[in-house]
Amino acid sequence: MNTNDNITALLHGELTDDTQLGELMHLLAVSPEKRKNLLEQIRLSRQLLRSGTTLPTPNTGVEGIWNQVMAPNISPTPNVLNGGATVAAGVNSTSTSASITATRERTKRRYLPLLLTLLFGIGGGLLLGWNLSSSNDKLNGDTSLMASSTMEPSPTTSAHSLSPTALSTSSEHIVKENVKVQEREGESLLNSKKSLSRLEQKISTLQEVLRQEQLRTSTLQEENAILRSELATLEAQKSANDSFSVQLPSYPTPDRVETRTTLPASELRDGLAQTLAAVPRMPDTTPEEKQNLVRVEARQFFRTSLPNVQGLDGSGSLVLDREVGVSIRLDDFGLPSRVGIAAGQTIFSQVFHTNTGGALNDTIIEQSPTLFYGRAYIAPHLFGTEKVISSAEIGGGGTELGPIGTIGLGVEYSLSNRVTLGGGVTSWLLWTSFKNQLHTSTNLTGHIGIYVNP
Amino acid sequence: MYLIDSTGMNVTTRNTELEEQELAERAGAGDEPAFRTLFDRYGSKVFRFSLLMVGEKAAAEDIYQDTFVGFLKACRQGKKMYSVRGYLFTIARTRCLNYLETQRRHIELAPEPETHYEFDLAVTDIQDHVRKALMKLPEHYREVLVLCEYDGYSYEEIAETLNISRHIVKNRIYRGKQMLREILQPILNDDDSESIL
């Protein structure tokens, strides 16, 4: 016997051995696990007791049971009514069920008045026949017979009537027949109950199937609605695309597709190429982009004169100046490029050399005039992606002192549809008239700029 | 302190049994108050036993009614009963087992999908859970637990009623409670907040 067993026995008051009780108490004192087991068992017992308090009560009272068995009008022996030892069947039989007995009792109550009426009718009839026989004897004037007939029925009459023993046998027979009928009814009822239960189960199963089918149908309907909306969208897209498409005679028609299981790769490729060639090219820019063809540009220059680079003069090597301008894209005119005009102010801190005689003159004249200038330029795109475009730039213009020409390379990066950053390198060429002589000057310029689409 | 007679039986129990035998004889002879006394003593217990064994009120009602009808007929026949309680519970137990067997055969014919019992403490009554958990136990565990926990019978009385040894009663009660504890673990854990005594 283990400890848990003893705990259960203790709770049920079944642990009477003092030694075992002492051991258990000691274990409970030292072992938290055993104490937990004890508490769980107490809780379990409490829950069991609680669940027993709310059980329903039976509908049948003592009177109903008493009347079923001990009703004064029911005279047959228990064996006859029970169809063979109901009590024994209750203990040992495996076939008799409670519902059969209940049905039997109900049927018994239904048939008993009829049976009693029948019995009383037979008895009354016999008594009446006997009295009529006595009256006939009286009418015949046979006093001796009359005297005897008043004492007991005549042999002839009694031969036609039923003796009490015969009546009892007949009644038993009727009752037995009734019991058999009732047993059959009971079995039939039991079978019906089983069938009913099976049918109920089938109904519940079918209901479940129906519910799942309904659920699936509703899901399919939802999917159908979604597909319909997608189809409508696709049809709208198709009709939009159809306005751009051109029917080509060589494109595979449905008839050709039906008659041939596969198309040769070359034919398919040619057909696709023709179809693509026939489709008009969409404009590279959207209407929104067209609006942004014109942009305002601001540039910051870092300029140094080439002679300084050559090391002829180390002073004033770097000037910072700025320009602003406006440019426009020429993509719509078939030229992937941009043209623009700009104006700015710069300082040409340079050393001028005379170019007379074709040789350097040792006379060096330094000037650092601050000049306003204006220029126009064209910048054909070299290559690019959606965000980055590189371009060459060729431009020309004039200053207060003479013409200028520019040539350079630039790269742009679009931060957004409106803002683009740029940078590049340019060489500027300045023609200057000085003391009635024309001088040229070159410089190297780097720049950064920001270009905004208004 | 119990008084034990020469046969090792509790004297009080023996006196009760004798009294009940006498009541049964009188009931068989047509003494309704005698039958009523026995009915009042065991009616609700037999019904509760039947209900907790079969789990359906209608079937329990039939079994309970059939049990007392059979008992009363046995009394009329003058059948000797060693223990009225044992006799009543034996009839009820047999009929419960017959009913459950019939149900099992029926379920075998039309098997229903296996469903796992899950607790939903917020929705259903806890006592209902306990009764359902009891119904999940095998019958031989269930019957001893019902007689012990609900009707308060001692191991000895259960052993007499079910015609098994006391040791088996004890063993079945222990194992049945173990199984119940496993099934009802969520409820028992939930019960931690309440006081034990």
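- The pair B:Lys136-B:Glu182 does not meet the salt-bridge criterion, since no charged nitrogen lies less than 4.0 angstrom from a carboxylate oxygen.
- With a 4.5 Å cut-off on non-hydrogen atoms, B:Arg166 touches chain A through its side chain but not through its backbone.
- Proximity to chain A among residues 27-39 of chain B is limited to B:Ala27, B:Gly28, B:Gly30, B:Asp31, B:Glu32, B:Phe35, B:Arg36, B:Phe39, judged by heavy-atom separations below 4.5 angstrom.
- For B:Leu97, no part sits under 4.5 Å from any heavy atom of chain A, backbone or side chain.
- For B:Tyr153 and B:Phe89, the gap between ring centers is short of 6.0 Å.
- Proximity to chain A is absent for every atom of B:Ser44, based on heavy atoms less than 4.5 angstrom apart.
- When all heavy atoms are compared, the tightest approach of B:Ser50 to B:Ile63 is OG-CG2, 3.6 Å.
- Contacts with chain B were tallied for A:Leu48, A:Thr8, A:Leu11; A:Leu48 has the most, counting heavy-atom pairs under 4.5 Å.
- With respect to B:Arg93 and B:Glu143, a salt bridge is recorded, a charged nitrogen being found less than 4.0 Å from a carboxylate O.
- Heavy-atom pairs under 4.5 Å with chain A peak, among B:Phe68, B:Tyr99, B:Tyr155, at B:Tyr155.
- A side-chain donor-acceptor contact under 3.5 Å links A:Gln41 and A:Asn37.
- With a 4.5 angstrom heavy-atom cutoff, A:Ser204 does not touch chain B via any of its atoms.
- Between B:Phe47 and B:Tyr64, the two ring planes are perpendicular [angle over 60°; tilted spans 30° to 60°].
- Remark: B:Arg41 engages B:Glu19 in a salt bridge, criterion side-chain N to carboxylate O under 4.0 Å.
- Between A:Glu208 and A:Arg211 there is a salt bridge, since at least one side-chain N of the basic residue sits less than 4.0 Å from a carboxylate O of the acidic one.
- Looking only at atom types and distance, the side chain of B:Arg175 has no donor-acceptor partner in the side chain of B:Gln178 under 3.5 Å away.
- Both the backbone and the side chain of B:Lys177 have a heavy atom closer than 4.5 Å to some heavy atom of chain A.
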